[in-house]
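To start, the structure under review is shown below, and the notes come after it.
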Amino acid sequence: RPRVLSGIQPTADSFHFGNYLGALRQWVDLQREHQPFFFIADLHAITVEQDPAVLRERTLRAAAQLLAMGIDPARSAIFVQSQIPQHAQLSWVLQCLTGFGEARRMTQFKDKSAKAGEGAASVGLFTYPILQAADILLYRPHYVPVGEDQRQHLELTRDLAQRFNSRYKKTFRLPEPYILKSTAKITDLQDPTSKMSKSASSPSGIVELLDDPKVSAKKIRSAVTDSGSEVRFDPEEKPGISNLLTIYSSLTDRSIAGLEEEYAGRGYGDFKKDLAEVVVEFVTPFRDRTLELLEDQKQLSSVLEQGRQVATEVAEATLRDVWQRVGFVAPA
Ligand code: TYM
């Protein structure tokens with residue numbers, strides 16, 4: 001079975017609809033026909049300042065959310081990045097293959113460092129995409145399900161894999177991004193030309209899966225819509241309504257055309273009220289299930305331990321090859 005791998009940062013108390021529709025739903029779907037490796041990217045989370053107790057708590061909340069949305073530990077290895085030292089070790093080798101200018105071209109770094117202010121961004125934030133390349137290449141996956149914002153990091157990953165393979169010996173598979181066009185970029189409810197983002201969106205622009213469902217419903221009902229009153233999918237002219245149509249369509253598996261037809265002549269109010277109900281129906285059981293899973297820390301730890309063991313086996317084998325090919329002397 002082809003392998004899939006992906007990761008998510010534990011940088012908020014809850015995942016949001018961008019994470020879910022852009023990536024996590026594909027994780028759940030891909031489990032069946034693939035051999036999946038899914039991890040919580042806590043090493044990436046410390047590229048910006050984190051409170052230790054909060055980071056630990058969020059990592060476990062992330063694990064509980066993955067299980068609640070249907071990641072099945074019997075099919076998928078679910079693990080915590082920092083528990084597999086090979087990620088950081090491979091990252092060092094890849095850093096030594098990356099050009100400074102090449103790293104500087106990463107747009108996510110440019111955005112985030114601009115926000116932090118000149119010189120204030122950490123070196124870790126700069127080398128972040130190279131750690132991500134290591135995360136991926138260690139497991140030699142075929143596909144990496146992510147949102148559009150990760151495409152450039154995937155390109156860097158492929159370049160580095162190719163460079164290592166040609167400089168040393170064929171070691172890494174060139175992974176393909178798996179990005180669903182329809183949900184690749186879910187946008188901010190208050191600013192529908194920008195990505196919904198835990199670091200950049202205002203609280204009312206972002207729907208968190210673990211929000212009180214009443215709060216989420218309210219956010220949907222007060223989402224910014226466009227001029228006019230027609231419920232029509234047109235990302236250029238009607239980015240607000242188009243984003244809501246995308247969310248509606250993917251949560252209900254109904255076609256956009258079918259929804260346009262149903263709301264023809266009915267205006268935005270009705271549409272948003274119905275979507276708010278759809279969202280409540282989705283998040284309510286999800287939230288209950290997550291909170292229930294969080295009660296049983298023993299079970300969570302055992303899932304993560306099982307994932308750690310599966311991941312370790314693969315990561316150790318890859319790193320052994322890499323160390324040997326680079327020219328490091330093996331211990332006696
Ligand atoms: P992160 O934690 O920011 O986001 C997790 C996933 O959610 C997707 N996503 C979105 N998709 C559509 N619309 C949005 N508004 C939206 N917001 C977020 C992201 O594309 C991502 O797939 N660097 C990664 C974590 C990572 C990783 C990896 C991913 C570390 N190592 C190796 C894949 C493979 C990140 O920060 O994702």
Side-chain angles (χ1 to χ4, degrees), residues 1 3-46 50-87 135 139 145-146 198 203 206-217 251 278-315:
R1 285 185 299 162
R3 278 194 190 159
V4 291
L5 169 135
S6 199
I8 184 159
Q9 293 195 69
T11 40
D13 288 338
S14 169
F15 299 151
H16 58 69
F17 268 84
N19 301 136
Y20 179 65
L21 297 176
L24 301 173
R25 226 161 76 121
Q26 285 64 261
W27 298 16
V28 176
D29 291 344
L30 289 168
Q31 286 181 111
R32 298 186 171 281
E33 318 279 321
H34 297 78
Q35 186 191 354
F37 294 83
F38 298 130
F39 66 93
I40 301 155
D42 57 346
L43 295 177
H44 279 104
I46 65 163
Q50 294 288 323
D51 177 277
V54 173
L55 177 59
R56 209 169 283 129
E57 161 78 19
R58 285 175 170 174
T59 301
L60 294 175
R61 284 173 85 86
Q65 290 176 83
L66 293 178
L67 296 176
M69 69 182 50
I71 301 292
D72 175 1
R75 292 177 188 272
S76 301
I78 309 170
F79 59 96
V80 176
Q81 185 188 28
S82 61
Q83 293 182 359
I84 316 285
Q86 287 80 8
H87 289 239
D135 298 338
Y139 300 91
V146 287
K198 38 197 166 193
I206 178 171
V207 185
E208 299 205 318
L209 299 182
L210 296 177
D211 263 347
D212 179 341
K214 283 199 212 81
V215 172
S216 300
L251 285 180
V278 166
V279 165
V280 167
E281 260 168 53
F282 173 79
V283 295
T284 305
F286 172 80
R287 186 170 184 260
D288 293 347
R289 178 93 189 102
T290 303
L291 298 179
E292 198 182 292
L293 284 158
L294 277 170
E295 299 273 300
D296 191 351
Q297 301 260 335
K298 256 221 192 102
Q299 194 208 336
L300 274 184
S301 316
S302 105
V303 165
L304 294 174
E305 172 55 21
Q306 197 184 315
R308 188 190 69 79
Q309 289 179 15
V310 174
T312 296
E313 209 170 297
V314 178

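Worth knowing before you read on, the calculation uses all heavy atoms, side chains too, and leaves out hydrogens, waters and symmetry mates.
To the nearest 0.5 angstrom, T284 atom OG1 is 15.5 Å from R289 atom CZ. Between atom OG of residue S6 and atom CZ of residue F38 there is a gap of 7.0 Å, rounded to the nearest 0.5 Å. Going from atom CD of Q83 over to atom OG1 of T312 covers 8.5 Å, rounded to the nearest 0.5 Å. For the atom pair L67 CG and E292 CD, the distance stands at 11.5 Å (nearest 0.5 Å). Note that OG1 of T290 is 9.5 Å distant from CG of L66, once rounded to the nearest 0.5 Å. The CD1 atom of I8 sits 4.0 Å away from the CZ atom of F15 when rounded to the nearest 0.5 Å.
Counting heavy atoms from C-beta outward, D42 and Q9 have side chains that stay 4.5 Å or more apart. Put simply, the side chain of V4 does not reach to within 4.5 Å of the side chain of W27, judged on heavy atoms. Contact annotation: the side chain of E208 never approaches that of V215 to less than 4.5 Å [non-hydrogen atoms, C-beta and beyond]. L21 has its side chain within reach of L251: a pair of non-hydrogen atoms, C-beta onward, lies under 4.5 Å apart.
Qualifying ring pair (Phe, Tyr, Trp, His ring centres under 6.0 Å) partners for Y20, counting only residues two or more places apart in sequence or in other chains: F282. Take D211 and apply the salt bridge (Lys or Arg N to Asp or Glu O under 4.0 Å) test, not counting sequence neighbours, and it matches K219. Taking H16 as the reference, nothing meets the ring pair (Phe, Tyr, Trp, His ring centres under 6.0 Å) condition, with sequence neighbours excluded.
Pairs passing the salt bridge (charged side-chain N to carboxylate O under 4.0 Å, His left out) check and including a residue from residues 20-32, sequence neighbours excluded, do not occur. Note on residues 66-79: pairs passing side chain to side chain donor-acceptor pair (under 3.5 Å), not counting sequence neighbours, are Q31-S76. The side chain to side chain donor-acceptor pair (under 3.5 Å) pairs that include a residue from residues 53-64 are D13-R58, where partners are two or more places apart or lie in different chains.
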Verdict with reasoning, Q65 to L293, per side-chain contact (heavy atoms from CB on, under 4.5 Å): CA-CA 8 Å; Q65 290 176 83; L293 284 158; over 6 Å; no
From CA spacing to verdict: side-chain contact (heavy atoms from CB on, under 4.5 Å), V146, Q26: CA-CA 8 Å; V146 287; Q26 285 64 261; over 6 Å; no
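Closest non-hydrogen pair, V280 versus A217, comes out as CG2-CB, 3.7 Å. Here the closest heavy-atom approach between residue M69 and residue L24 is recorded as SD-CB, 3.5 Å. Nearest heavy-atom pair, Q306 versus P73, reported as atom, atom and distance to 0.1 Å: NE2-O, 3.3 Å. The minimum heavy-atom distance between A41 and P10, with the atom names listed, is O-CD, 3.3 Å. Taking each heavy atom of A311 and F37 in turn, the nearest pair found is CA-CE2, 4.4 Å. Scanning both residues, P145 and L5, for their nearest heavy atoms gives CD-O, 3.4 Å.
In this structure, a donor-acceptor pair under 3.5 Å is absent between the side chains of E313 and Q309.
With Q81 contributing its side chain and L43 its backbone, the two residues share a donor-acceptor pair below 3.5 Å. Within the 3.5 Å criterion, the main-chain N or O of L209 finds a donor-acceptor partner in the side chain of S14. Side chain of D51 to backbone of V54: a donor-acceptor contact under 3.5 angstrom is found. When atom types are taken as modelled, the side chain of E33 and the backbone of L30 share no donor-acceptor pair closer than 3.5 angstrom. Judged by distance alone, the side chain of R287 and the main-chain N or O of L210 form a donor-acceptor pair under 3.5 Å.
Applying the 6.0 Å contact sphere to CD1 of I46 captures no more than 12 heavy atoms from other residues, nucleotides or ligands.
No close placement of the F39 and H44 rings is indicated, their centers lying 6.0 Å or farther apart. Two rings, from F79 and Y139, have their centers less than 6.0 Å apart.
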